[in-house]
Amino acid sequence: MIRTRTEIKNFKIWMICLTLFLWALLIAAPFLGLLDDSLLYSIFPFLNFGLVIEGTIAGNELPQFVKDNFSFGLSLACVMLAIALIVMVVYFAVKCILASQRSKARKVLRKTGYSAEYFALLERKKNHFKGSYLEAVNDLCLAKEYGDGRRYDAALDILRNVDIDKFKINDASHYYSLYAYIFILTGNLENAGFAIDLGVPFSEKANDKSEMEFVSALLLYAQKDYEGAENAFMPLLKSRNNEVKVWAGMYLGLIYLRKHENENARKTVVALSKLKKTPRQSEDILKLLKKIETAYALEEEERQEELAAGEALPEE
């Protein structure tokens, strides 16, 4: 799902602008003759502090204007503070509501996996963003979730219809990386290569190039260029993008199994267990661990057969 801080960013800007506008209006009102102390205190009598200020500052007598309006100015400051507090309460209330929606989706995902219930929540969110400036970004997040849930047709349908003109550089790089990733998983390697070619100019300008580097390595793996894929996956183990790091390690584990380097595969996957993973990655790591366990079992079975065959040979 789209992050709460991204979702609420526009609302936050509007609330700040509203606060500044109300403050400016409140400060200007006395000078425009729209507000004086009698009117303010008739509305908010508890703000009539009746304070008086006297004295000097750095040896200079306080201006008469300051003396006459000190209590009134302090009352206005209290009103401004109250406006700020109200705006903050509204902002944090909305933020908590949005965060609770994300929390609910995460709980459903943990409980039911990539289920119809989980995607129903995401689709409701998609409808909420329809027509907003975040629609394209949210669609991109939804397409990724469909991909993680192995609903590749739904993911591709969203990617085909998303408005890419609304993407920033990082979003465009993520878009083409995701497109290529799903094409690879569905066996459409030609279009995967095409998506990578389109995405490279964006990834070169993006803050994080690791997603495009990962799908490029994955394409080599899908093309059965295992040596090239291994060399491409290895640097990604140092990526700051944790999700990419985990995927790269998992595919390296598969390559090691193909090379019958079971111990390297085991060490790689054990190292991944310490990292934070997406639910899809957690599922696939369990499958990979079973593959490694099976590989060790077959290796031991072959060793026992060789020992048995050696014992069965006649003595010279």
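Sequence positions, counted from 1, serve as the residue numbers for this chain.
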Should [X] and [Y] count as an ion pair when the cut-off is N to O under 4.0 Å?
| X | Y | answer |
| --- | --- | --- |
| R266 | E263 | yes |
| K125 | E7 | yes |
| E230 | K259 | yes |

Whether [X] and [Y] hold their rings parallel, tilted or perpendicular, with breakpoints at 30° and 60°:
| X | Y | result |
| --- | --- | --- |
| F214 | F233 | tilted |
| Y181 | W247 | tilted |
| Y146 | F119 | parallel |

Sub-4.5 Å side-chain heavy-atom contact between [X] and [Y]:
| X | Y | value |
| --- | --- | --- |
| L156 | F183 | yes |
| T294 | L298 | yes |
| L76 | L35 | yes |
| E213 | V244 | no |

Considering all heavy atoms of both residues, which atom of [X] and which atom of [Y] are nearest to each other, and what is their separation?
| X | Y | answer |
| --- | --- | --- |
| Y179 | A195 | CB-CB, 4.2 Å |
| L272 | G249 | CD1-C, 3.6 Å |
| A192 | I184 | CB-CG1, 3.5 Å |
| R102 | T4 | CD-OG1, 2.9 Å |
| R151 | Y114 | NH2-O, 3.7 Å |
| A136 | K166 | CB-CB, 4.0 Å |

Ignoring hydrogens and angles, tell me if any N or O in the side chain of [X] forms a donor-acceptor pair with the backbone of [Y] under 3.5 Å.
| X | Y | value |
| --- | --- | --- |
| E135 | G131 | yes |
| N170 | N207 | yes |
| T112 | L109 | no |
| D36 | L39 | yes |
| T186 | I182 | yes |

Would you please indicate yes or no on a ring centroid separation below 6.0 angstrom for Y221 and Y226?
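Yes: the rings meet the under 6.0 Å criterion.
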Taking the hydrophobic residues Ile, Leu, Val, Met, Phe, Trp and Tyr, and joining any pair whose side-chain heavy atoms are under 4.5 Å apart, which ones share a cluster with L32?
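Besides L32, the cluster holds L34.
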List the steps and the verdict of side chain to side chain donor-acceptor pair (under 3.5 Å) for Y41 and S75.
CA-CA 9 Å; Y41 297 149; S75 300; 3.2 Å; yes
With a 4.5 Å cut-off on side-chain heavy-atom distances among I, L, V, M, F, W and Y, is there a chain of contacts connecting I196 to L220?
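No, I196 does not connect to L220 through the hydrophobic network.
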Are I83 and L20 in one and the same hydrophobic cluster, where Ile, Leu, Val, Met, Phe, Trp and Tyr link if side-chain heavy atoms are under 4.5 Å apart?
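Yes.
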